Amino acid sequence: MKKNEKSYSFFDDVFEVVKLIPKGRVTSYGTIAKYLGTKMSARMVGWAMNAAHTHTKVPAHRVLNRNGLLTGKHHFETPTAMQDRLEKEGVKVENDQVVEFKKLFWDPSIELF
DNA sequence: GGTCTGACCGGCG
DNA sequence: ACGCCGGCCAGAC
């Protein structure tokens, strides 16, 4: 794993960042991707989430698309798991969309500095 | 080993 | 303002 720095996949970075997301906060795939330096590869972030939530404990429900829409809710154990968890953490969700998404937005480049 | 898709984003018509 | 298309990386068939 530590053989080469190149071996380091940004997938692991995604897991780390997502796990650092405070409870009751949300972010977008593009934001994480941008924070990792691969803003163009926002798709990979979502892809990483797929593998992440299946293998590791990653709050993928706190990660949404730039619209604040629960795009990946259909990939959870249940279609309502994502929304249910968000509401459980105090995040209001309406019509598969996070209310005050802009306000609850969590920017790693700012929060983590 | 080549091809396609995928939980996205940004730009252009 | 809405809709379409291209791009990036990695995994699956």
Side-chain angles (χ1 to χ4, degrees):
Chain A
M1 202 200 275
K2 289 293 194 297
K3 197 179 268 191
N4 284 338
E5 283 186 37
K6 290 278 188 180
S7 302
Y8 190 70
S9 306
F10 75 70
F11 272 60
D12 296 318
D13 268 347
V14 174
F15 304 151
E16 293 293 308
V17 176
V18 174
K19 280 194 254 184
L20 289 173
I21 300 174
K23 178 178 141 192
R25 287 294 185 112
V26 290
T27 188
S28 64
Y29 304 95
T31 305
I32 298 173
K34 190 176 181 180
Y35 174 69
L36 297 178
T38 56
K39 60 183 178 191
M40 276 185 180
S41 311
R43 313 173 88 189
M44 308 298 78
V45 178
W47 206 250
M49 296 269 97
N50 188 15
H53 93 88
T54 307
H55 288 275
T56 342
K57 301 285 188 188
V58 180
H61 58 275
R62 293 178 190 158
V63 186
L64 320 165
N65 66 348
R66 73 164 185 225
N67 291 323
L69 196 73
L70 284 63
T71 49
K73 73 166 193 172
H74 214 289
H75 278 259
F76 273 75
E77 303 111 48
T78 56
T80 53
M82 195 172 188
Q83 181 173 340
D84 187 53
R85 284 185 184 178
L86 285 171
E87 290 183 330
K88 204 172 183 179
E89 294 184 355
V91 180
K92 293 171 188 166
V93 180
E94 283 186 16
N95 195 14
D96 296 341
Q97 188 175 348
V98 174
V99 182
E100 302 289 310
F101 168 69
K102 202 172 179 180
K103 194 164 82 173
L104 297 173
F105 194 82
W106 182 78
D107 195 330
S109 60
I110 297 174
E111 303 291 338
L112 296 178
F113 180 66

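These values consider heavy atoms only, across backbone and side chains, with no hydrogens, waters or symmetry-generated copies. Each chain gets a letter, A, B and so on, in the order the sequences are listed, and its residues count up from 1. Here the structure is a predicted model, which is why all the values come from computation and not from measurement.
Panel note: side chain A:Asn95, backbone A:Gln97; no donor-acceptor pair is recorded below 3.5 Å. Using a distance-only test at 3.5 Å, with no hydrogens or angles considered, no donor-acceptor pair links the side chain of A:Arg25 to the main chain of A:Trp106.
Considering all non-hydrogen atoms of both residues, A:Leu69 and A:Leu64 come closest at O-CB, 3.5 Å. Between A:Ala42 and A:Ala33, the shortest heavy-atom distance links the atoms CA-CB, 3.7 Å. Heavy atoms only, all atoms of each residue included: A:Phe76 and A:Ala81 are closest at CB-CB, 4.1 Å. Nearest approach of A:Phe101 to A:Asn65, heavy atoms of both residues: CZ-O, 3.8 Å.
To the nearest 0.5 Å, atoms CZ (A:Phe11) and CD (A:Glu16) are separated by 14.5 Å. Interatomic distance, A:Thr54 OG1 to A:His75 NE2, rounded to the nearest 0.5 Å: 10.0 Å. The CG atom of A:Leu70 lies 4.5 Å from the CE atom of A:Met82; values are rounded to the nearest 0.5 Å. For the atom pair NE2 of A:His53 and CD of A:Glu77, the computed distance is 7.0 Å after rounding to the nearest 0.5 Å. Once rounded to the nearest 0.5 Å, the distance linking CZ of A:Arg43 with OG1 of A:Thr38 reads 13.0 Å. Going from atom CD1 of A:Ile32 over to atom CE of A:Met49 covers 6.0 Å, rounded to the nearest 0.5 Å.
Taking 4.5 Å as the limit, some side-chain heavy atom of A:Phe105 sits within range of a side-chain heavy atom of A:Thr27. Side-chain contact between A:Val14 and A:Val63 is absent, with no heavy-atom pair separated by less than 4.5 Å.
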What's touching nucleotides 6-10 of chain C from the protein side, N or O pairs under 3.5 Å?
residue	atom	partner	partner atom	Å
C:dC8	O2	A:Met40	O	3.4
C:dC8	N3	A:Arg43	NH1	3.1
C:dC8	N4	A:Arg43	NH1	2.9

If you restrict it to nitrogen or oxygen atoms, what contacts under 3.5 Å exist between nucleotides 1-4 of chain C and the protein, and what is each distance?
none

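For the segment residues 20-32 of chain A, residues with any heavy atom less than 4.0 angstrom from an atom of DNA chain B are, sorted by number, A:Ser28, A:Tyr29, A:Gly30. Across residues 62-78 of chain A, A:Asn65, A:Arg66, A:Thr71, A:Gly72, A:His75, A:Phe76 each have a non-hydrogen atom less than 4.0 Å from an atom of DNA chain B (numbered order). For residues 81-89 of chain A, proximity to DNA chain B is found at no residue, defined as any non-hydrogen atom under 4.0 angstrom from a strand atom.
Cluster annotation: A:Ile21 and A:Val45 are assigned to the same hydrophobic cluster (Ile/Leu/Val/Met/Phe/Trp/Tyr, side-chain heavy-atom contacts under 4.5 Å, transitive).
The environment of NZ in A:Lys19 is crowded: more than 12 heavy-atom neighbours from other residues, nucleotides or ligands sit within 6.0 Å.
No option in A:Leu20, A:Leu86, A:Val18 other than A:Val18 meets the side-chain contact (heavy atoms from CB on, under 4.5 Å) test with A:Pro59.
Using a 4.0 Å heavy-atom distance criterion, A:Ala60 is classed as a base contact. Across all strands, A:His53 comes closer than 4.0 Å to base atoms (heavy-atom distances).
For DNA chain B, runs of at least 3 consecutive pairs of the Watson-Crick or G-U wobble type, with both hydrogen-bonding distances under 3.5 angstrom, map to B:2-6 with C:9-13, B:8-13 with C:2-7.
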